Amino acid sequence: MNFKKLTAVLLAFAMTSAAAGCSDNKNNSDSEDSGFTNVSPRSIVFEWQSLYEQKLNEFTGSENFSEIAQGGLEESRFDLFDLNNDGTPELFISANNDHKTQCEIFTISDGQVISTGSLGEYGAFMYYPELKLMNDEYSGDGFVVGKFISFDGTAFKDYFSYSDNSGSASKGAAIKHEINGESLSLPAYDEAMEMYRNARTISIGRKYTFGASTVDYALHCSESWGAVLTPQEKELFSGQLKNNFENAVQSGKDAAFEFCDLNGDDVPELIVSEGTSNGDICRIYYISNNTLLELDGNYGYNGRLNFDNEQLVFYTIGAGSNNACWSLTDSDISSFNVSRSHMDCGRKYLLTEEAITASMR
């Protein structure tokens, strides 16, 4: 993927002062003044890290792995997310983004990686954090069949099934609305589905590519920020997230957030996604001199941001967006090309009070 040279050069020039101010100040350990010293997230070791690394290596040696896009399909990707809040994330492996491709889902049990099955389509699935449920749905010509699924830590269980063929009415089909196999009137069906239709979701399955830098970041940094942030840093980030949460409630926006180390100094930046609608941006916050500051500018596309872990460049690319890239380091981005180590960021957690607390643990 290539960005227009003029855009990259202009952005590189525009970011010079902001990048220098942020990275230079952060290189001086702000936490020392408060009596706390930052430690690298890579110094935090969990059992699941080496086990999942083995599983990822096993997959890259299989015939299902694609390192680059092929035949109109995107490359293989993976994801990490703690579905049952037990402190150990599940691993999701997505071979590609074909309509029929599901995620294979793994967890840790008795010191072993076990497969709990496959879920989704286009290599991903929708998760409802506030309901602690996953959705598996198939839409055909005039009908929809789906179910909601819960996870008990080692296995998935069907929680709620539904089907509706209202779209086939013009074809003369007998219309049925069913919940858990029981036929209902349309008003009763809509009432039963209302809570699920209105619940907010995040997409799981295709966050990280298999590039070496991204695999390292995902396994050794992405799930460890709560363990290495100092108390003062947690207080600053929590306060900002609570402000963003209040703003999201007032605006009705589907806000989300994520911690991501954009300049490789082992202290994360906070990325807050305003929503998923056209025009929604990401806001980026960083700590400097024991103060939380917002990076000037608008970033992201439809509330999402891309990040190249190898080159430490974050960027926006997509239909309808102005392709652009930025860096908080001194790297030359005038001829930036995305490496094979990149990830999506900004929407790891829905912006809720529960998620704010959980992300700081």
Side-chain angles (χ1 to χ4, degrees), residues 1 55-56 59-60 62-81 83 89-106 115-129 131 133-149 151 156 158-164 167 193 196-197 199-211 214-215 218 254 256 258 273 275-278 280 300-307 316-321 338 340 342-350:
M1 290 180 278
K55 178 56 65 175
L56 292 173
F59 176 75
T60 59
S62 73
E63 61 181 11
N64 294 322
F65 174 67
S66 297
E67 187 175 22
I68 58 176
Q70 297 180 359
L73 299 179
E74 293 182 1
E75 73 282 344
S76 298
R77 296 196 180 197
F78 70 99
D79 208 340
L80 294 167
F81 193 88
L83 291 175
E90 278 60 56
L91 169 66
F92 311 88
I93 296 181
S94 169
N96 53 54
N97 67 334
D98 183 69
H99 184 193
K100 297 180 180 180
T101 299
Q102 295 185 316
C103 290
E104 189 169 6
I105 305 170
F106 302 90
S115 174
T116 61
S118 299
L119 188 66
E121 58 182 355
Y122 297 104
F125 66 92
M126 303 311 296
Y127 180 62
Y128 293 67
L131 301 177
L133 295 174
M134 289 148 284
N135 181 238
D136 190 15
E137 182 178 280
Y138 176 76
S139 298
D141 185 13
F143 71 94
V144 60
V145 177
K147 59 183 177 181
F148 288 90
I149 303 167
F151 181 64
F156 294 100
D158 291 349
Y159 179 81
F160 181 92
S161 65
Y162 58 94
S163 63
D164 176 34
M193 292 294 295
Y196 304 93
R197 288 170 173 167
R200 297 186 296 161
T201 64
I202 57 173
S203 178
I204 293 179
R206 296 189 57 77
K207 183 175 182 65
Y208 303 104
T209 66
F210 278 80
T214 297
V215 171
D254 184 19
E258 179 171 355
S273 166
T276 58
S277 300
N278 186 28
D280 285 338
Y301 172 65
N302 288 358
R304 288 174 171 81
L305 195 63
N306 305 100
F307 180 54
T316 301
I317 186 168
S321 70
V338 181
R340 291 179 179 174
H342 57 94
M343 59 179 280
D344 297 334
C345 56
R347 298 196 62 82
K348 183 176 179 65
Y349 304 106
L350 287 183

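Predicted, not measured: the structure shown is a model, and the values here were computed from it.
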Could you walk me through whether Lys55 and Glu104 pass the salt bridge (charged side-chain N to carboxylate O under 4.0 Å, His left out) test, one step at a time? CA-CA 11 Å; Lys55 178 56 65 175; Glu104 189 169 6; over 6 Å; no

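Between the CZ atom of Arg347 and the CG atom of Asp280 there is a distance of 8.0 Å, given to the nearest 0.5 Å. Rounding to the nearest 0.5 Å places OH of Tyr349 at 6.5 Å from CZ of Phe81. Taking OH of Tyr138 as the reference point, atom OG of Ser163 lies at 14.5 Å (rounded to 0.5 Å). Summarising the geometry, atom OG1 belonging to Thr276 is positioned 5.0 Å from atom CG belonging to Asp254; distances are rounded to the nearest 0.5 Å. Remark: Asp136 CG to Ile149 CD1 distance equals 5.0 Å, nearest 0.5 Å. The line from CG of Asn97 to CZ of Arg77 is 8.5 Å long, rounded to the nearest 0.5 Å.
Across all non-hydrogen atoms, the minimal contact from Thr209 to Thr214 is O-CG2, 3.5 Å. The shortest non-hydrogen separation linking Ser203 to Asp79 is O-OD2, 4.3 Å. Heavy atoms only, all atoms of each residue included: Phe78 and Val215 are closest at CE2-CG2, 3.9 Å. Counting all heavy atoms, side chain and backbone alike, Gln102 lies closest to Ser118 at OE1-CB, 3.3 Å. Closest approach of Thr201 and Met126 over heavy atoms only: OG1-CE, 3.0 Å. Heavy-atom minimum distance, Asn278 versus Asn302: CA-OD1, 3.1 Å.
Residues satisfying the salt bridge (Lys or Arg N to Asp or Glu O under 4.0 Å) test with Arg304, not counting sequence neighbours, are none.
Using a 4.5 Å heavy-atom cutoff, the side chains of Asp344 and Asn306 are in contact. Two residues are said to be in side-chain contact when any heavy atoms from C-beta on lie closer than 4.5 Å; Leu119 and Asn135 fail this criterion.
Ring geometry for Phe148 versus Tyr128: interplanar angle over 60°, hence perpendicular rather than tilted (30 to 60°). Using bins of under 30°, 30° to 60° and over 60° for the plane-to-plane angle, the ring pair Phe151/Phe156 lands in the tilted bin.
Between Phe92 and the options Phe59, Tyr127, Phe106, Phe125, a ring-ring contact (aromatic ring centres under 6.0 Å, His included) holds for only Phe125. Here the rule is side-chain contact (heavy atoms from CB on, under 4.5 Å) with Leu83, and of Leu133, Thr116, Ile204 only Ile204 fits it.
Between the side chain of Ser94 and the backbone N or O of Cys103 there is no donor-acceptor pair closer than 3.5 Å. Panel note: side chain Ser161, backbone Lys147; no donor-acceptor pair is recorded below 3.5 Å. Remark: the backbone N or O of Gly303 is paired with a side-chain donor or acceptor of Ser273 at under 3.5 angstrom.
Counting heavy atoms of neighbouring residues, nucleotides and ligands inside a 6.0 Å radius, atom CZ of Phe160 exceeds 12 of them.
Aromatic pair Tyr196/Tyr162: ring centres not closer than 6.0 Å.
Ion pairing of Arg340 with Glu75 is absent here, as no side-chain N (NZ or NE/NH1/NH2) approaches a carboxylate O to less than 4.0 Å.
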